[in-house]
Amino acid sequence: MPKSPGEASHLILRVAIAVPLYRLFDYLTPNAVDANHLAPGIRLEVPFGTGKKIAYLIEISQHSEVSPDKLKPIERILDDKPLLSAKDIRLLHWASRYYHHPLGEVFSAAFPASLRKGKASSLQLPELAYILTDAGMATPAEELKRSPKQQQALAHFQRHHPASLSETELAQWDKNWRPAVKALLAKTLLKQIASENPYIPQHTVENALATTLPTKETTCDDASNLQLNAEQQAAIAAVVDSLGKFAVFLLEGVTGSGKTEVYMQIIRSVLERGQQVLVLVPEINLTPQLEERFRQRFSVVLALSHSNLTDKQRHSAWLNMQQGTSAILLGTRSALFTPLKKPGLIILDEEHDASFKQQEGFRFSARDVAIMRGKLLNIPVLLGSATPSLESLHNANQQRYQHLVLSQRAGNAVEPSLHLLDIRNKKLQHGLSETLVNELRSVLANGEQVLIFLNRRGFAPTLICHGCGWVARCRHCDANMVIHNYENLLRCHHCGREQRLLPTCPACKVGELMPLGLGTERVEEALRELFPEKALVRLDRDTTQRKGSLERYLTQINNGEADIILGTQMLAKGHHFPNVTLVAIVDVDSGLFSIDYHATERLAQMITQVSGRAGRAEKPGKVILQTRHPDHTLLNTLIREGYSHFAQIALAERKEAALPPFSYHALLRAQAGNPNLPLTFLQAAAALAKTYKAGHTQILGPVSAPMEKRAGLYRYQLLFQSNKRSDLQLCLTELIANIDDITHAKKIRWSLDVDPVDLF
Ligand code: ADP
Ligand code: ZN
Ligand code: ZN
């Protein structure tokens, strides 16, 4: 039926679609729909190419540049109102402009996979949960010893009291939980919580707080009895005072100084206001312990969002926060955009961690976007770290962030002492010097734990022929194949290529093949030989691949069933090993001479973080760093004067060299199988960008990437540097607008990285 002009259905729906194109797409409204009722942000299904795609409504317009007879109507409307708030939608627009990333892909990053694929946004009824009755609290579990299952279940509830346990949590504890819980319900030792139970305390403070928040008497973790020190109190007061308005806080506290305790006390205040908290952590390895502490402290519903969960679990975490049925979300980088019904606070723990920066696709920094989100939502953002990033310290120096410091370890714990061990001309046994071995021996003889850090997996990073010097290289990368003895493999750590370990040299056919350099497997072998009677746990990506294995190892360590803990950077992150009294860093030198200016900052953070694992309880810890550069200035500053001092010196050096945070960087990367294409593309991009009037933006390169060939592709990069953020942005905006016209743009893969955290 022909439509008369001016009819509502002639309005154009302008949508963003998750495709790598810098443009929006226009559609018609179906006849029966009044477009004026459609709000920006809702999801639509639209015909696209030969199929269908999910689209996000951006605006409703009177006009389209495409003639109306070429436009197609949308297929269906998925949401009756937007799932994101207007402010969060503004955040996505901002992020798309700031990172020069297509809006559709930015929108898509804000949704969990299920919703991105068009799943309905209805939330299943909150699942049932169970909690102890007074009788259940008072009954000793041993009384049920005639039914071991029920006894275990009761003990399990008592351990978690006053928290309730949901069906999912019970299923994680024991697949066959139902019969025991049923029996305990029948004995009125447990009760079921009605699903409409308010999980977030409502506006009125008197309402139900006593039941949803733990009181002093019922807190399992008896932290409310902790005597907070003056610095902790000051930090808590500063953040609590600014609840309800935007401010950024940098909480710098040495490991073990009670940062988590500070977070939890602040979170309590936010919950009391009836608001939600978003807690971001760098990697999921960190969360088992943190999650456990949160669960013990708060009886509100905790949502989790990270890559180890199923789509379904992330879907419900997202919607529970959006609808206000969960009060706290603990998640990784991608959880940043989760909508909050009543936003109160954003916390980023270990804010210095590079994994807050997404390294592919939409290359956003969860830290920087979190701060913009806090600003738009008008809530405080709390960044915490023992080793803050130079950027954040700079912002604190400039008074843009409020600097809160916890300078001492909490309780009676003392900070470890650091020592450089000169290994020049010393005999090494698989990388371990005699002095170090003796230190290990005496600590182990005392029945204490040692932690040994080496940031390289595998047996050895190089396989070399003793006869002719041949080295096993990866065919697809500028890299050596790493020896993995246990699996009898050579593996490339850059592209994943594998081959069987060779019996003889493929070049000379006679020479003996030898491992060169150190990996954790090799150090493990040496330690097992040296200390055969001691229990050793190795933690690296190879040993913790299987689900649950990391948790198992951590339990083993915490139960004192491991004397020697050996591992990679996994050890530097968040875990508490209270009985470790000696930390050995086998090789600090490999981090000293990188061409990337971020490397020294990373190394200092890593050394400080690993050291922080030692002596967290009552026993003092000692840290030994093996080096061939005992006079290195950085190492000495760090060891004698600590991370803060190091950081101020490193900042002074950055200022001298006009490097970030004293200037702004963006990196245009390009790669292809034929090296000429990306190189020509970047040369043309550089020439074009130089014609823009973008103030003082310098264009450096193109140069080859530090690893020129990777997974069969040749990689080059162009660096943009400016003293003024706005100049840099102008230049990038113009460049991106014209980039498709640059020679070879269609034949290569390129990406733009604003504020890159590494130059590789
Ligand atoms: P961080 O997060 O800085 O590493 P935590 O908050 O985990 O530090 O605190 C380290 C340990 O010290 C924890 O066991 C915590 O319960 C304890 N703790 C925190 N604050 C205090 C305090 N004021 N007095 C005594 N112990 C404390
Ligand atoms: Zn050979
Ligand atoms: Zn490779």
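Atoms within a ligand are numbered from 1 in the order they appear, just like the ligands themselves.
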Would you call Lys357 and Asp758 a salt bridge, using N to O less than 4.0 angstrom? no
Tell me, do Leu250 and Asn395 make a side-chain contact under 4.5 Å, heavy atoms counted? no
Taking the Zn ion (ligand 2) as the vertex, how big is the angle to SG in Cys468 and SG in Cys505, rounded to 10°? 110°
Can you tell me which residue among Ser407, Ser392, Pro388 is in a side-chain contact (heavy atoms from CB on, under 4.5 Å) with Glu252? Pro388
Look at His493 and state whether any of its N, O or S atoms is less than 2.8 Å from the Zn ion (ligand 3). no
List ligand 1 atoms under 4.0 Å from Gln227, heavy atoms only on the residue side. 22 (C), 23 (N), 24 (N)
Closer than 4.0 angstrom, basic N to acidic O: yes or no for Glu521 and Arg456? no
Can you tell me if Lys259 uses its side chain to pair, donor with acceptor, with the backbone of Gly256 under 3.5 Å? no
Element-labelled atoms of ligand 1 that are located less than 4.0 Å from some non-hydrogen atom of Gly258: 1 (P), 3 (O), 5 (P), 6 (O), 8 (O), 9 (O), 19 (C)
From Gln233, Met264, Arg293 - option closest to atom 16 (O) of ligand 1 by heavy atom: Arg293
Taking N or O atoms only and a 3.5 Å limit, does Glu261 qualify as a polar contact for ligand 1? yes
Using distance alone, determine whether Gly253 and ligand 1 share an N or O pair under 3.5 Å. no
Do any of the N/O/S atoms of Cys465, backbone or side chain, fall under 2.8 Å from the Zn ion (ligand 2)? yes
Strictly below 4.0 Å, N to O, side chains only: are Arg457 and Asp540 in salt-bridge contact? no
Of the choices Thr260, Leu228, Leu226, which has the non-hydrogen atom that lies closest to atom 25 (C) of ligand 1? Leu226
On the 0 to 90° scale, with breaks at 30° and 60°, tag the His156-His160 ring pair as parallel, tilted or perpendicular. tilted
Cys495 SG and Cys492 SG subtending at the Zn ion (ligand 3) (10° steps): 110°
